[in-house]
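Each chain gets a letter, A, B and so on, in the order its sequence line appears, and its residues count up from 1.
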Amino acid sequence: MSAANVRPEEARPLQRSRLYWAFADGWVLAKRNLVQIPRIPELLVFATIQPVMFVLLFRYVFGGAIDVGGESYVNYLMAGIFVQTVAFGAVTTGIGLAEDLKRGLVDRFRSLPMSRSAVLTGRTIADLVRNVFVVLVMLLVGLLVGFRPEAGVAGWAGAVGLLLLLSFSFSWIGATVALLIGSVEAVQSAGFIWLFPLTFASSAFVQTDNMPDILRAFANNQPITLIVDTVRGLLLDRPVGPEGWQALAWCLGILLVFVPLSVSLYRRVSAR
Amino acid sequence: MAEGRPAILAEGLEKSYGTTRALAGLDLAVEEGTVLGLLGPNGAGKTTAVRILTTLLAPDAGRAEVTGLDVVRQADELRSKIGLTGQYAAVDEYLTGRENLEMVGRLYHLSKKYSRKRADELLERFDLTGAGSRLVKTYSGGMRRRLDLAASLVYSPPILFLDEPTTGLDPRSRLAMWEIIGELVSGGTTLLLTTQYLDEADRLADRIAVVDTGRVIAEGTADELKAKVGGERLELVVSEDSDLRTAARALERHAKGGAGGGVRTDVDRRHVGATVEGGARLLVSVVRDLDAAGVQVDDLGLHRPTLDDVFLALTGRAAEPSEEGLPGHQEKETA
């Protein structure tokens with residue numbers, strides 16, 4: 001094209017590798033999503049209030065009636081709250097993406113010569129940062145209601161690392177759900193449908209021993225229980241068994257499946 | 001680009017959504033540096049065509065190329081040559097105007113410095129400098145559209161697609177948008193524009209493709225399309241209901257194709273219209289005939305056919321029954 005030939009040097013696109021642009025474009029979009037967090041404070045407030053209510057509900061309403069075998073309930077509870085909070089971040093990812101779809105922004109991005117994964121990595125990375133903040137608030141609330149972790153530096157590093165990995169991997173599930181379903185409202189409801197059984201039929205709030213056989217078999221082998229047990233073990237400085245590696249393997253496995261799946265859905269997604 | 005090759009070419013495009021057939025063999029060709037108006041009612045398939053040409057959607061059958069690049073196989077390469085402004089302002093509400101434009105520049109892989117410079121240039125050009133540091137959610141509809149159009153121009157793409165750029169805008173913003181688009185086109189950009197507004201296509205496009213139920217039913221310059229309806233229309237309103245029939249009979253003598261040739265009467269409005277040829281001279285003889293027959297006339301005029309007439313002539317139905325309230329018919333010249 002003649003127009004391209006007369007383009008002045010400064011107006012020409014930079015030439016870099018495909019991999020470089022996957023990161024650079026992802027970062028441009030992550031920044032876009034991050035600067036919006038303080039501009040929509042109500043979103044962050046509600047994302048924080050809900051888990052705070054769960055802490056208060058389980059600590060003071062149900063807690064007295066739940067026996068966790070010698071451990072103080074609040075110490076048992078907090079690992080479950082952290083994991084639940086982070087896992088539900090997947091819904092936020094899905095809603096954000098569904099809104100971009102609805103507003104036609106995804107159409108604009110898809111018509112640009114940018115990396116095909118960037119809209120998704122930008123979104124999931126921004127939600128990871130948001131989750132760090134929310135978990136910090138949860139920790140503070142936990143300490144206020146009597147949570148007394150005993151972890152050393154390695155234990156904290158392991159627990160926080162696993163929570164971040166969970167946040168990131170579940171965000172990709174949320175993105176996939178949004179690309180499959182599309183509408184903001186449906187994404188919201190669907191999120192609760194798959195996340196409620198996962199987080200409640202688990203060791204997040206109660207020990208799985210008292211569950212009926214079939215439910216217990218599910219609860220003991222699903223990723224949330226494995227992750228909760230690992231985080232709990234690390235925070236309370238208890239020995240962590242094979243569930244540590246299993247938890248890690250689940251998160252990585254989820255990424256291996258849902259990253260390529262959501263990117264391929266994104267390539268074909270249609271606004272309406 | 002290969003000589004003589006159209007900048008935008010579509011051949012036999014088909015696309016269905018479930019049982020709904022959006023495109024049923026659409027053919028298009030747009031020469032470099034010209035403007036094609038894709039004109040049709042809601043649901044005619046215009047947006048689907050744009051989505052295919054801008055790589056957002058793969059066709060079920062047929063092929064299309066833009067600047068010689070196949071929209072499916074060479075989609076990645078093509079995206080750096082096109083700009084798209086969709087049907088609704090695709091800008092981020094929670095970014096400022098400047099941030100939106102800078103982000104698009106970065107995603108075209110322009111340098112940070114140039115993206116910023118370009119954002120400032122475009123804000124200035126689109127009269128948004130004052131609002132550049134405000135969040136887009138505080139913008140009016142017209143401002144959003146201007147920002148949206150600016151975003152598609154960040155890279156000055158040689159080919160631009162505008163999907164209904166003025167739908168939903170108030171008349172003043174619409175005129176402002178027309179002026180901006182007119183400037184772009186005089187700069188040599190190849191433009192494909194979709195619209196439901198006949199006057200918009202007439203005003204902006206070099207050639208017009210009329211789309212209905214997923215295919216092009218007529219194509220040509222605005223004048224060629226108008227010629228299809230056959231010359232000018234003579235319209236008159238009589239003072240007395242009882243004169244309507246006499247006036248119609250008088251017009252039949254002058255109508256192109258003789259009696260019944262496109263003479264339409266509307267009793268409620270006491271209106272008679274007919275397709276005629278012969279300009280002002282004919283007008284004089286019609287007046288003489290009416291006078292001789294003793295018909296009192298409230299209004300009489302010779303109108304160049306509008307694209308509304310074209311659509312009616314091509315499809316047998318109105319393009320847009322709900323066009324009242326929009327600035328639509330000011331191009332009618334009363335003789």
Partner of B:R106 under side chain to side chain contact (heavy atoms under 4.5 Å, CB included), picked from A:D25, A:V28, A:L112, is A:V28
Would you list the pairs meeting salt bridge (Lys or Arg N to Asp or Glu O under 4.0 Å) in which at least one residue belongs to residues 112-137 of chain A, sequence neighbours left out? A:D100-A:R123, A:D127-A:R130
Name the option with the most non-hydrogen atom pairs under 4.5 Å to chain A; the candidates are B:T54, B:D148, B:L135. B:D148
Of the backbone (N, CA, C, O) and the side chain (C-beta and beyond), which part of B:E93 lies under 4.5 Å from a heavy atom of chain A, both, or neither? side chain
Just by modelled atom types, is the B:D92 backbone N or O under 3.5 Å from a matching donor or acceptor in the A:R103 side chain? no
A:G104 versus B:A90, closest heavy-atom pair with distance: O-CB, 3.3 Å
Heavy-atom contact with chain A under 4.5 Å, split by part of B:K117: side chain
Given a strict heavy-atom distance threshold of 4.5 Å, which part of B:L78 is in contact with chain A: side chain, backbone, both, or neither? neither
If you count heavy-atom pairs within less than 4.5 Å of chain A, which of B:T55, B:V104, B:L95, B:N100 leads? B:L95
Separation between CZ (A:F109) and CZ (B:R79), nearest 0.5 Å, reads 14.0 Å
Could you measure the distance from the NE2 atom of B:H109 to the CE atom of A:M114? Nearest 0.5 Å is fine. 7.5 Å
With a cut-off of 6.0 Å (strictly less than), are more than 12 heavy atoms of other residues, nucleotides or ligands near CZ of B:R134? yes
Would you say A:R108's side chain and B:L84's backbone share a donor-acceptor pair under 3.5 angstrom? yes
Tell me if the CH2 atom of A:W21 is crowded by more than 12 foreign heavy atoms within 6.0 Å. yes
Can you tell which of B:G83, B:G105, B:S111 has the highest number of heavy-atom pairs within less than 4.5 Å of chain A? B:S111
Check each atom of B:T85 against the heavy atoms of chain A and say whether the ones under 4.5 Å are side chain, backbone, both or neither. both
Whether over 12 other heavy atoms sit under 6.0 Å from B:E121 CD: yes
Contacting moiety of B:T189, where chain A heavy atoms sit under 4.5 Å: neither
Nearest 0.5 Å, what's the CG-OG distance between B:L107 and A:S111? 10.5 Å
Under a 4.5 Å heavy-atom cut-off, does chain A meet the side chain of B:E77, its backbone, both or neither? neither
If only atom types and distance count, is the side chain of B:R51 paired as donor or acceptor with the main-chain N or O of A:D107 below 3.5 Å? no
More than 12 heavy atoms from other groups under 6.0 Å of CZ on A:F133: no
Student check: side-chain heavy atoms of A:E9 and B:Y114 closer than 4.5 Å: no
Need one label for B:A58: side chain, backbone, both or neither, based on atoms under 4.5 Å from any heavy atom in chain A. neither
